[in-house]
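This report refers to the structure that appears directly beneath it.
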Amino acid sequence: GVTGVILPESLLYIGKNAFSDANLKGKVVIPDKMQIINAKAFLENRSLTGVTFGRDLWIINDYAFQNCQKLNELTLRDKVEYIGVGCFEGCTGLNSIRLSHALQEIDDFAFLECGLKKLIVPKSVERIGAYAVGFSGKSYSEVFTPVSGFTLYGFRDTAAEAYAEEYGVTFAALDDI
């Protein structure tokens with residue numbers, strides 16, 4: 001497999017399936033000018049351990065990093081507005097992620113079957129899709145199990161609290177901390 005990928009600084013987007021099942025190892029560095037990572041761009045790269053996201057990235061499309069099992073820690077830069085369907089589904093090693101304060105939507109199954117025990121959701125998030133976080137299972141199976149000990153942190157009267165109530169996920173209000 002290929003160890004580490006550094007993409008050209010002039011790149012504005014990564015096409016659908018661009019590195020899908022490419023056996024990438026190590027880290028990928030997303031250039032600062034990149035705005036969009038398209039569907040399934042890094043799908044099934046089971047040895048990919050990290051991604052450094054560029055400053056202008058604002059969309060991470062559906063299943064972009066699905067089943068990248070060794071991804072363990074991510075920080076989304078402050079322009080990311082959308083995390084697509086199943087974007088990080090099956091990233092079982094993912095135990096920490098910092099979301100963008102510009103984030104508006106976490107789509108269905110975005111963090112399904114991840115190693116996350118907590119997620120802090122910024123006030124900017126307007127929608128959290130079905131089984132987006134706090135559950136194990138496969139998006140195609142329609143059988144979902146709550147992750148034991150998972151806590152969703154957010155603010156009262158926001159999408160985070162509504163999601164927690166609808167899906168029976170433990171919620172901790174940041175207003176109270």
**Message:** To the nearest 0.5 Å, what is the distance between CG on Asp62 and OG on Ser139?
**Reply:** 10.0 Å

**Prompt:** Looking at SG of Cys91 and CG of Leu112, how far apart are the two atoms once the value is rounded to the nearest 0.5 Å?
**Reply:** 10.5 Å

**Request:** May I have the step-by-step check of salt bridge (charged side-chain N to carboxylate O under 4.0 Å, His left out) for Arg127 and Asp108, ending in yes or no?
**Result:** CA-CA 10 Å; Arg127 180 182 176 272; Asp108 301 351; 3.0 Å; yes

**Complete:** Correct closest heavy-atom pair for Lys27 and Thr52 would be NZ-OG1, 3.6 Å

**Request:** Answer yes or no: is there a side-chain heavy-atom contact under 4.5 Å between Tyr163 and Val133?
**Result:** yes

**Request:** Measure the spacing between CH2 of Trp58 and CD1 of Ile36 and express it to the nearest 0.5 Å.
**Result:** 5.0 Å

**Validation row: Ile97, Thr75 side chains within 4.5 angstrom (heavy atoms)** = no

**Ring geometry between Phe53 and Phe88 (parallel below 30°, tilted from 30 to 60°, perpendicular above 60°)** = perpendicular

**Prompt:** Side chain of Glu161, backbone of Asp157: donor and acceptor closer than 3.5 Å?
**Reply:** yes

**Request:** For residues Val125 and Ala159, report the shortest heavy-atom separation together with the two atoms involved.
**Result:** O-CB, 3.4 Å

**Request:** Grab the two heavy atoms, one from Ala64 and one from Ile37, that are nearest each other, plus how far apart they are.
**Result:** CB-CG2, 4.0 Å

**Prompt:** So, Gln104 versus Glu126: side-chain donor-acceptor pair below 3.5 Å or not?
**Reply:** no

**Asked** Considering only heavy atoms from C-beta outward, does the side chain of Val85 approach that of Asp107 to under 4.5 Å?
**Response** yes

**Point-to-point distance, once rounded to the nearest 0.5 Å, from NZ of Lys123 to CZ of Arg156** = 12.0 Å

**Message:** Are Phe144 and Phe109 an aromatic pair, judged by ring center distance below 6.0 Å?
**Reply:** yes

**Request:** Could you walk me through whether Asn95 and Asn72 pass the side-chain hydrogen bond (donor to acceptor under 3.5 Å, both in side chains) test, one step at a time?
**Result:** CA-CA 6 Å; Asn95 56 34; Asn72 58 22; over 6 Å; no

**Prompt:** So, for Ala160 and Ile128, which heavy atoms are closest and what is the spacing to 0.1 Å?
**Reply:** CA-CD1, 3.8 Å

**Test: Glu44 and Arg46 ion pair at under 4.0 Å** = yes

**Asked** Is the shortest heavy-atom distance from the side chain of Pro122 to the side chain of Phe155 under 4.5 Å?
**Response** no

**Request:** Compare all side-chain heavy atoms of Asp32 with those of Arg77 and state whether any distance is below 4.5 angstrom.
**Result:** yes

**Request:** Measure from the side-chain N and O atoms of Glu89 to the backbone N and O of Gln66, and report whether any donor-acceptor pair falls under 3.5 Å.
**Result:** no

**Prompt:** Under 3.5 Å, side chain of Asn61 to main-chain N/O of Gly84, donor-acceptor pair present?
**Reply:** no

**Request:** List the steps, then state whether salt bridge (charged side-chain N to carboxylate O under 4.0 Å, His left out) holds for Asp56 with Lys33.
**Result:** CA-CA 5 Å; Asp56 290 343; Lys33 290 182 181 178; over 6 Å; no

**Item:** Whether Thr92 side chain and Gly115 backbone form a donor-acceptor pair below 3.5 Å
**Value:** no

**Closest approach of Ser100 to Ala102 (non-hydrogen atoms, all atoms of both residues)** = OG-N, 2.9 Å

**Fill in**
Here the pair of heavy atoms bringing Asn17 nearest to Lys40 is OD1-CB, 3.1 Å

**Asked** Taking C-beta and beyond as the side chain, do Ile14 and Leu7 meet within less than 4.5 Å on heavy atoms?
**Response** yes

**Request:** Please round to the nearest 0.5 Å and tell me the distance separating atom CZ of Arg98 and atom CG of Leu103.
**Result:** 11.0 Å

**Message:** Is it the case that the side chain of Ser47 and the backbone of Lys25 share a donor-acceptor pair, with hydrogens and angles ignored and the cut-off at 3.5 Å?
**Reply:** no

**Prompt:** Do Leu116 and Phe171 belong together in a cluster built from hydrophobic side chains that touch within less than 4.5 Å?
**Reply:** no

**Prompt:** Cation-pi between Lys117 and Phe150: NZ/CZ under 6.0 Å from ring centre and within 45° of the ring axis?
**Reply:** no

**Request:** Just say parallel, tilted or perpendicular for the rings of Tyr131 and Tyr167, cut-offs at 30° and 60°.
**Result:** perpendicular

**Message:** Can you tell me how the ring of Phe19 sits relative to the ring of Phe42, calling it parallel under 30°, perpendicular over 60° and tilted otherwise?
**Reply:** parallel

**Message:** A side-chain contact here means heavy atoms from C-beta on lying under 4.5 Å apart; do Leu74 and Leu94 qualify?
**Reply:** yes

**Asked** Do the side chains of Leu99 and Ile120 get nearer than 4.5 Å, heavy atoms only?
**Response** no

**Item:** Atom pair CG (Leu174) and OG1 (Thr158), whose distance is rounded to the nearest 0.5 Å
**Value:** 8.5 Å

**Prompt:** Should the heavy atoms of other residues, nucleotides or ligands under 6.0 Å from OH of Tyr13 be counted, would the total exceed 12?
**Reply:** no

**Asn23 backbone acceptor or donor facing Asn45 side chain under 3.5 Å** = yes

